[in-house]
Structures are given as C-alpha cells and as structure tokens.
K.L.:
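Have a look at this one.
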Amino acid sequence: MHADGSVVDRHARPLGVLRLSLTGRCNLACPYCCPDADEPAGLLSLEAQLAVVQQACALGAHTLRLTGGEPLLSDRLWPLLEAVAAARSRPDSPFHGLQQVTLTTNGALLTSERARRLRALGVDRLTVSLDAVHPDAVARMAGLQGGVSAGERLLGQVLAGVEAARAAGFAPSLGQLKLNSVIQRGLNDDQLIPLAALARDHGVELRLIEYMDVGNRNGWTLDQVVPATDMIERLNAEWPLQAVGRAPHATASRWRYRDGRGVVGVIASITEPFCGDCNRLRITADGQAFTCLFASKGVNLQRWLMPRVDGDGLRDALTALWLRRDDRFSERRAQLGSAAPHAEMAYLGG
Ligand code: SAM
Ligand code: SF4
C-alpha cells in the first residue's frame, strides 16, 4: 500500500479500473455470453454503488466502466451517473480522481435521447458491441429468433445508436466511441472484413475480441478461437497495417491502417494474455468482487453495503482483497484447464 492510499497486488499491479455491473439482465442473448433471465438477488442500492466507486477511487481507480448485462436496460443507471457527476465536480471528493467514466452497451437501446443524456451526465467514452454486419449473422450472434429481418432491425438500431452517440459529442477520433466484436470460428469469422470495413466507413476504432472461456454455458473450446495474429493477417492482406502496440494496462493491441483510415485493435486474452499488468476490479450488480474475469467465485461485499454502508469496513475489505490478489488465469490456462467452474460473463460485465 502506498502513502496516498493506492494499492498494488502480489504482482505489483495497481488498481486502475473499476468495472461495475448494474444488472445481470440483457435484452439480447448472445450464445457466447448466455445471460441469466433473472436479476441476481440483492442488487446494490445507489448508496452502495457510490460507496464502491468511492472506495475504489481511494485505492487508486481512475476509470469507472459501467456495464451489465445490458446497462441501458437498468433505470438505476441514471441516478448513479447524476451522483457520480456531482461528486466528480467537487475537488475535495475522492471521485475527483476519476479521469474516465465509460459505458459498454450492445447499442440496441442507444437512442439519440439516451446518447445525449449519457454525454450530459459525464460519460466520457462509449463502447458499442456488434459482432456482424450481414443480418443473418447479426441475429445469430445476438441469439435472436427471426433470422434476417431480426438481424436487420438490430443492425439498424446499433448503427443508429453509433450515429446518435457521435451526434451527442462522443468523438471517435478521440477514442470516445469504439466498436467491440467477439469473433468465433465458424460462426462469424467471415464477418471480420465486413466489420472492419464498416468501422472504417464510420471512422470508429474496431476491437476484435478473441472468444473467451468465461462462464460455463457457452460450450467454449479452443478450436473456436480465432487467434489475434490470424485476424491481423487477414486484415493486413486487405488493408496493410502498422503495429502501434498495447498501452500499459490496456486490453487491446492496436494497429494503424497504413492508408490513414484509422486504427484497429485486437484483444488477445487467449493467445497473448495480458495478466501481467491487469489493473481491473470487477464488481457485480449484487456486490460480489472479482479480481479476474476467469475466477470461479467472487468476494461477497454485501455485509459492508447492506442494509447500510460501512465505508471503513468496505475500504478494508477491498484493500485486503487487492493486496492478496494473485490471479493470472489466462497466463496459466494451459496448466489450469477450463474444467473449474467460471462465473458467467453477463454477470461479471466483461
Ligand atoms: N451488454 C453489453 C455489451 O454487450 O456490450 C455489456 C456487457 S458484455 C458482457 C461486455 C462485453 O463482453 C461485450 O463486448 C461482449 O461482446 C463481450 N463478451 C461476452 N462474452 C464473451 C466471450 N465469451 N468472449 C469474449 N467476449 C465476450
Ligand atoms: Fe447481452 Fe452483452 Fe452478453 Fe450479448 S454480450 S448477451 S449483449 S450482456
């Protein structure tokens, strides 16, 4: 623990990013994610959510990423954003150290009104998830019944959402608006080039995510993973690329299009793990803390959050959790195997 209260774990990794899930529910049912139909019991109150953010900031978090399930499904998003924005503006508040507030969404509910509201309430960056361009693949990857017409409808909503976000002031050129795509061999790897073309046309950075063995329901096998190097090779054959690299603590390795049409990233959690400088703490909508995406079990924070918040107890619990943090599952996947139960992705929030 440092004099300023910030913490590092057993591998000298600081706490930098808090990913806070607002809901376990989702309006889509992507088969690689498989969300629960129901909310977990014991959702955190607004006061509890704020306490979690405050204590994470005190321990060094500079970024708050709001996620789900689908965060735009949760009406608890708005009061939280209002309170965070108010606290951030006070120089004496621990929230003042928050440099970025970001949100990850599937984009289906990203109307102009919501995009403007997110911007007005201090969201700095948005990531929109979209796994295909061809409508039948869009529907398949989102777990929608209804084939081409369902896919067309969702694609229309997501693209309208991206444009609404841009119009609301999220500037893609400043990294404030990005697209995320999970690529699964045999299901949507034929969408790689169309997705990159779409992102280039919209001037938005695309991040291609290797399909991960999070959760127990998606039937993950290694042969369904398209390695990041293959994805980059395929893109490079179409539009030559130049390596930019991976920023410290970041998930994406980035490449610049040599024709000047922006940047593309790959998140190679399976083939090139980045556990070595992972600075992310995940807290679920019901107050379970996870220090690794691939953990089986979280630490239950509810006793410091419900029915009333115990700020000191919470700080001590989070400090102890971070100081003993030893996870580096992705680096050790080959030894550990995927047999151990994993928490589900829509519960963890990605
Ligand atoms: N519903 C929102 C969305 O889809 O953006 C936020 C939650 S979602 C769990 C966060 C991110 O995790 C999404 O970009 C999604 O594509 C990604 N994701 C979910 N399951 C995954 C898996 N098995 N492997 C890789 N990425 C996954
Ligand atoms: Fe929902 Fe996001 Fe999971 Fe897809 S990835 S099912 S949009 S939570």
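Residue numbers start at 1 and run along the sequence shown. When reading the values below, keep in mind they use all heavy atoms of this one structure, side chains included, and skip hydrogens, waters and symmetry mates.
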K.L.:
Determine whether a donor-acceptor pair (N or O, by modelled atom type, separation under 3.5 Å) exists between the side chain of S330 and the backbone of S269.
P.N.:
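Indeed, once roles are kept as given, a pair shorter than 3.5 Å links the two residues.
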
K.L.:
Do N279 and R13 pair up side chain to side chain, a donor and an acceptor below 3.5 Å, judged on atom types alone?
P.N.:
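Result is no, nothing qualifies.
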
K.L.:
Would you say R256 has more than 12 foreign heavy atoms packed within less than 6.0 Å of its CZ?
P.N.:
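For R256, atom CZ is not crowded (no more than 12 foreign heavy atoms under 6.0 Å).
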
K.L.:
Please collect all ring pair (Phe, Tyr, Trp, His ring centres under 6.0 Å) contacts where either partner lies in residues 94-151, sequence neighbours excluded, each pair once.
P.N.:
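Of all non-adjacent pairs touching residues 94-151, none passes ring pair (Phe, Tyr, Trp, His ring centres under 6.0 Å).
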
K.L.:
Using side-chain heavy atoms (C-beta onward) and a distance below 4.5 Å, is R217 in contact with D36?
P.N.:
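Side chain of R217 against side chain of D36, heavy atoms only: contact under 4.5 Å found.
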
K.L.:
Under 4.5 Å between any side-chain heavy atoms of L318 and L15, yes or no?
P.N.:
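They are not in contact (no side-chain heavy atoms under 4.5 Å apart), so the answer is no.
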
K.L.:
Partners of D201 by salt bridge (charged side-chain N to carboxylate O under 4.0 Å, His left out), sequence neighbours excluded?
P.N.:
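Result, salt bridge (charged side-chain N to carboxylate O under 4.0 Å, His left out) vs D201: R261.
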
K.L.:
For E210 and T271, does a side-chain donor sit closer than 3.5 Å to a side-chain acceptor?
P.N.:
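On atom types as modelled, these side chains qualify, holding a pair under 3.5 Å.
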
K.L.:
Tell me, which pairs form a salt bridge (Lys or Arg N to Asp or Glu O under 4.0 Å) where one or both residues lie in residues 177-190, sequence neighbours left out?
P.N.:
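Qualifying pairs: none.
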
K.L.:
Determine whether a donor-acceptor pair (N or O, by modelled atom type, separation under 3.5 Å) exists between the side chain of R119 and the backbone of V123.
P.N.:
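Side chain of R119 to backbone of V123: a pair is present.
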
K.L.:
Fit a plane to each ring of F290 and Y347, take the angle between them on a 0 to 90° scale, and name the class: parallel (under 30°), tilted (30 to 60°) or perpendicular (over 60°).
P.N.:
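Because their plane-to-plane angle is over 60°, the rings of F290 and Y347 count as perpendicular.
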
K.L.:
Closer than 4.0 angstrom, basic N to acidic O: yes or no for E205 and R254?
P.N.:
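So E205 pairs with R254 through a salt bridge.
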
K.L.:
Which atom names give the shortest non-hydrogen contact between T104 and R65, and what distance separates them?
P.N.:
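Minimum heavy-atom separation between T104 and R65: OG1-NH1, 2.6 Å.
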
K.L.:
Taking all non-hydrogen atoms of both residues into account, name the closest pair between G24 and A285 and its distance.
P.N.:
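Smallest interatomic distance, heavy atoms only, reads N-CB, 4.4 Å.
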
K.L.:
How close do P31 and G143 get, counting heavy atoms only, and between which atoms?
P.N.:
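Closest approach of P31 to G143, heavy atoms only: CD-N, 3.8 Å.
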
K.L.:
Please answer whether the main-chain N or O of A86 pairs with a side-chain N or O of S89 as donor and acceptor at a distance below 3.5 Å.
P.N.:
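Checked: pair present.
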
K.L.:
Taking ring pair (Phe, Tyr, Trp, His ring centres under 6.0 Å) as the cut-off, I'd like each qualifying pair that reaches into residues 256-276, sequence neighbours left out, listed once.
P.N.:
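Pairs touching residues 256-276 that pass the test: W239-Y257.
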
K.L.:
Under 4.5 Å between side-chain heavy atoms, counting indirect links through other Ile/Leu/Val/Met/Phe/Trp/Tyr residues: same cluster for L103 and L80 or not?
P.N.:
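Same hydrophobic cluster.
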
K.L.:
Would you say R328 and P273 make side-chain contact, with heavy atoms under 4.5 Å?
P.N.:
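No - every pair of side-chain heavy atoms lies 4.5 Å or more apart.
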
K.L.:
Which atom pair, heavy atoms only, marks the closest approach of M212 to I270?
P.N.:
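Of all heavy-atom pairs spanning M212 and I270, the closest is CA-CD1, 3.9 Å.
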
K.L.:
Measure across G60 and S6 and return the closest heavy-atom pair with its distance rounded to 0.1 Å.
P.N.:
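Shortest heavy-atom separation between G60 and S6 comes out as CA-CB, 4.1 Å.
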
K.L.:
For residues C30 and Q184, determine if any side-chain heavy atom of one lies less than 4.5 Å from a side-chain heavy atom of the other.
P.N.:
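Counting from C-beta outward, C30 and Q184 never come under 4.5 Å.
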
K.L.:
Look at the side chain of N188 and the backbone N and O of V182, then say whether any donor-acceptor pair between them is shorter than 3.5 Å.
P.N.:
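Looks like yes, one N/O pair under 3.5 Å.
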
K.L.:
Just verifying a value: how many Å separate L126 CG and L179 CG, rounded to the nearest 0.5 Å?
P.N.:
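The CG atom of L126 sits 11.0 Å away from the CG atom of L179.
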
K.L.:
Between L206 and A199, what is the shortest heavy-atom contact and its length?
P.N.:
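Heavy atoms of L206 and A199 come nearest at CB-CB, 3.7 Å.
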
K.L.:
Going by distance alone, is a donor N or O of one side chain under 3.5 Å from an acceptor N or O of the other, for Q99 and T63?
P.N.:
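Checked: Q99/T63 side chains show no N/O donor-acceptor pair below 3.5 Å.
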
K.L.:
Does R76 use its side chain to pair, donor to acceptor, with the backbone of L22 at less than 3.5 Å?
P.N.:
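Flag set: sc R76 to bb L22 pair under 3.5 Å.
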
K.L.:
Does R88 have any salt bridge (charged side-chain N to carboxylate O under 4.0 Å, His left out) partners at least two apart in sequence or in another chain, and if so, which?
P.N.:
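Once residues adjacent in sequence are excluded, the partners of R88 under the salt bridge (charged side-chain N to carboxylate O under 4.0 Å, His left out) criterion are D124.
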
K.L.:
Taking R125 for the side chain and Q100 for the main chain, is one N or O donor matched with an acceptor at less than 3.5 Å?
P.N.:
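Answer holds: no.
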
K.L.:
Would you check if L187 and Q224 make a side-chain contact, meaning some heavy-atom pair closer than 4.5 Å?
P.N.:
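Not in contact.
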
K.L.:
Side chains of residues 42-56: which donor-acceptor pairs under 3.5 Å do they make with residues two or more places apart or in other chains?
P.N.:
{"unit_1": "S45", "atom_1": "OG", "unit_2": "A48", "atom_2": "N", "d": "3.1"}

K.L.:
So does R280 pair up with D327, basic N to acidic O under 4.0 Å?
P.N.:
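Salt bridge between R280 and D327, a charged N being under 4.0 Å from a carboxylate O: no.
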
K.L.:
Does L109 belong to the same Ile/Leu/Val/Met/Phe/Trp/Tyr cluster as V138, with side-chain heavy atoms less than 4.5 Å apart forming each link?
P.N.:
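Yes, L109 connects to V138 through the hydrophobic network.
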
K.L.:
Could you tell me whether Q145 atom CD has more than 12 heavy atoms of other residues or ligands within 6.0 Å of it?
P.N.:
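No, not enclosed.
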
K.L.:
Is L130 linked to M231 within one hydrophobic cluster, defined over Ile, Leu, Val, Met, Phe, Trp and Tyr using a side-chain heavy-atom separation of less than 4.5 Å?
P.N.:
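Yes, it is one cluster - the side chains of L130 and M231 are joined through contacts under 4.5 Å.
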
